[in-house]
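These numbers come from a predicted model, not from an experiment.
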Amino acid sequence: MSSERQEHNEKNPWWGEHIHRYQEAIIYAKPNDTILDIACGNGFGSFLLSQHTTKNVIGADLSPETIAYCKQTFPSPSHLSFQQLDGTKTGIPDNYFDMVVSFETIEHTTQYKEMLREFYRITKKGGTVIISTPNKAIQSPDGIVRNPFHTQEFTYFELYELLREVFDDIAFYGQQYNRYAKKNTQNTIGKLVETMLYKRGIRKMPIAIQDQIMKSIIGKPMYPMPSDYCLTMNKEEILKCKTFFIICKKNA
C-alpha cells in the first residue's frame with residue numbers, strides 16, 4: 001500500500017475536509033460501540049471517535065512509524081489504542097466491531113476488494129462501515145491516475161458496483177465544499193480571491209498573510225474549515241464532488 005498520510009497540522013489545505021469526514025462518522029457512533037479506524041494516519045480521527053464511545057477504539061495503520069507517532073501523541077484515553085494492522089488481513093475475529101472507519105484508503109492498494117471483504121467480515125451484524133475515496137471523474141478527468149500514491153481511483157458507477165458486491169445496504173454521498181454556497185457579494189469576492197491565492201506563484205505567499213486577506217473579506221482563514229463542507233445525496237451533485245463518502249451496513 002502506498003503512503004499519503006494526513007499530517008497532524010491544521011495549517012494545510014486538507015485538514016478541514018479530513019476532520020469533517022470524522023465529524024460525519026461520529027454521528028453514527030453509539031456510546032457503547034467498538035470502533036476500528038483503519039489507515040488512521042496521524043491518529044487524530046481515532047482520538048475524536050474515542051470521545052464518543054466508552055468501548056474500545058483501535059486506530060490501525062500499516063506503518064510502524066505511524067503507529068509509534070500515534071501512541072506518543074495520543075496516550076489517552078485508556079480505551080483508545082493503536083495497532084499495526086494490514087487492512088486486507090487484520091487477524092481480528094469475525095463480527096468484532098460495531099463500526100469500521102476507513103478514509104482515503106482503498107485507492108492506495110490493488111487489494112481493495114480483499115480489504116472491503118475484510119471490513120465486512122470483522123463488522124458485527126447491524127454494524128456500519130464508513131469509507132471515503134476520491135472521485136476519479138474529478139481527480140483524474142482524463143482517466144489517467146497521476147497521483148503517485150494512488151494505485152487506482154473509482155468513478156461513481158465503478159464504486160457503487162464494487163460496494164454492492166460486498167455490503168447489504170449502501171448510502172452514497174458526496175463530500176461537498178460549501179463555503180460559498182450562499183450567494184452574496186462578499187462570497188463572490190471571497191471565492192475569486194481564494195482562487196487567485198491558489199494560483200502557482202501566488203500560493204507561495206506566507207499563509208499568515210493569506211489568512212489576513214481572507215479574514216478581511218469573509219471572516220474565515222484561507223484553508224477550508226470542517227464547517228466549509230457538507231454531505232450531499234443528490235446524484236447530480238455527488239458526481240461533481242471531489243470525494244465520495246459512503247455508509248455501508250452489514251445486515252446479514
Side-chain angles (χ1 to χ4, degrees), residues 1 18 20-41 43 45-62 79-135 152-175 231-233 235 238 241 243-252:
M1 182 184 291
H18 175 71
H20 172 253
R21 289 192 276 268
Y22 280 100
Q23 290 176 341
E24 292 292 341
I26 284 167
I27 294 171
Y28 297 88
K30 301 179 182 67
N32 292 315
D33 276 357
T34 53
I35 302 174
L36 173 66
D37 180 20
I38 187 80
C40 67
S46 306
F47 175 76
L48 288 179
L49 290 167
S50 74
Q51 306 304 297
H52 296 270
T53 179
T54 58
K55 298 296 184 180
N56 289 341
V57 175
I58 298 175
D61 202 280
L62 193 60
H79 64 283
L80 171 64
S81 63
F82 294 95
Q83 299 180 23
Q84 183 185 356
L85 293 177
D86 181 340
T88 65
K89 43 180 184 286
T90 61
I92 292 167
D94 293 354
N95 309 306
Y96 187 86
F97 291 104
D98 296 288
M99 177 184 287
V100 173
V101 174
S102 190
F103 293 144
E104 308 302 283
T105 310
I106 62 171
E107 68 273 14
H108 292 278
T109 175
T110 56
Q111 293 182 286
Y112 54 88
K113 290 186 177 180
E114 293 89 337
M115 182 173 286
L116 291 172
R117 286 194 289 266
E118 180 72 352
F119 293 170
Y120 184 91
R121 182 188 68 79
I122 62 178
T123 301
K124 295 177 183 177
K125 181 179 178 179
T128 304
V129 176
I130 305 179
I131 69 169
S132 72
T133 193
N135 179 357
Q152 68 286 308
E153 294 169 353
F154 306 93
T155 66
Y156 173 93
F157 303 100
E158 290 169 342
L159 186 58
Y160 182 83
E161 291 301 319
L162 173 64
L163 294 173
R164 197 170 66 167
E165 291 177 8
V166 180
F167 294 99
D168 306 310
D169 186 25
I170 302 165
F172 215 111
Y173 298 85
Q175 187 181 23
L231 295 183
T232 178
M233 285 194 78
K235 187 176 177 180
I238 292 173
C241 290
T243 303
F244 298 131
F245 185 98
I246 309 96
I247 300 166
C248 309
K249 299 293 290 187
K250 179 177 178 177
N251 299 328

*Report the residues that fulfil ring-ring contact (aromatic ring centres under 6.0 Å, His included) with Tyr96, sequence neighbours left out, ordered by chain and then residue number.*
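In terms of ring-ring contact (aromatic ring centres under 6.0 Å, His included), with neighbours along the sequence ignored, Tyr96 is linked to no residue.
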
*Listed by chain and number, what are the ring-ring contact (aromatic ring centres under 6.0 Å, His included) partners of Tyr120, not counting sequence neighbours?*
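Tyr120 satisfies ring-ring contact (aromatic ring centres under 6.0 Å, His included) with Phe167 only.
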
Rounded to the nearest 0.5 Å, how far does [atom2] of [Y] lie from [atom1] of [X]?
X      : Y      : atom1 : atom2 : value
Met99  : Phe97  : CE    : CZ    : 12.0 Å
Phe154 : Phe244 : CZ    : CZ    : 10.5 Å
Glu118 : Thr123 : CD    : OG1   : 9.5 Å
Phe119 : Leu163 : CZ    : CG    : 11.0 Å
Tyr160 : Ile238 : OH    : CD1   : 11.0 Å
Met115 : Asp86  : CE    : CG    : 6.5 Å

*Hey, can you tell me if Tyr173 and Phe245 have their rings parallel, tilted or perpendicular (30° and 60° cut-offs)?*
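Answer is perpendicular, since the angle exceeds 60°.
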
*Ring geometry between Phe103 and Tyr22 (parallel below 30°, tilted from 30 to 60°, perpendicular above 60°)*: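 It falls in the perpendicular class, over 60°.
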
For [X] and [Y], work out which heavy atoms get closest and say how close.
X      : Y      : value
Asp37  : Gly45  : OD2-C, 3.9 Å
Asn135 : Cys241 : ND2-O, 2.9 Å
Ile35  : Ala29  : CD1-CB, 4.1 Å
Ser46  : Gly59  : OG-CA, 3.5 Å
Thr105 : Ala39  : OG1-CB, 3.4 Å
Cys40  : Asp61  : N-OD2, 3.5 Å

Which residues pass the side-chain contact (heavy atoms from CB on, under 4.5 Å) test with [X], not counting sequence neighbours?
X      : value
Ile26  : Leu48, Leu49, His52
Ser81  : Ile58, Gln83
Glu161 : Arg164
Thr155 : Lys136, Phe157, Glu158

Contacts of type side chain to side chain donor-acceptor pair (under 3.5 Å), residue [X], not counting sequence neighbours:
X      : value
Asp169 : none
Gln175 : His20, Arg21
Asn56  : none
Ser50  : none

Taking side chain as C-beta onward, heavy atoms only, is [X] less than 4.5 Å from [Y]?
X      : Y      : result
Leu159 : Ile106 : yes
Asn95  : Lys125 : no
Lys55  : Asp33  : no
Thr128 : Lys249 : yes
Ile38  : Val100 : yes

Between [X] and [Y] (side chain of the first, backbone of the second, donor and acceptor by atom type, cut-off under 3.5 Å), is there such a pair?
X      : Y      : answer
Glu107 : Gln152 : no
Asn251 : Asp168 : no
Thr243 : Pro134 : no

*Which pairs with one or both residues in residues 92-101 pass salt bridge (charged side-chain N to carboxylate O under 4.0 Å, His left out), sequence neighbours excluded?*
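Qualifying pairs: Asp94-Arg121, Asp98-Lys124.
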
*Partner residues of Lys30 under the salt bridge (charged side-chain N to carboxylate O under 4.0 Å, His left out) criterion, sequence neighbours left out*: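 Residues passing salt bridge (charged side-chain N to carboxylate O under 4.0 Å, His left out) with Lys30: none at all.
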
*Step by step, work out the side chain to side chain contact (heavy atoms under 4.5 Å, CB included) result for Tyr112 and Thr133.*
CA-CA 11 Å; Tyr112 54 88; Thr133 193; over 6 Å; no

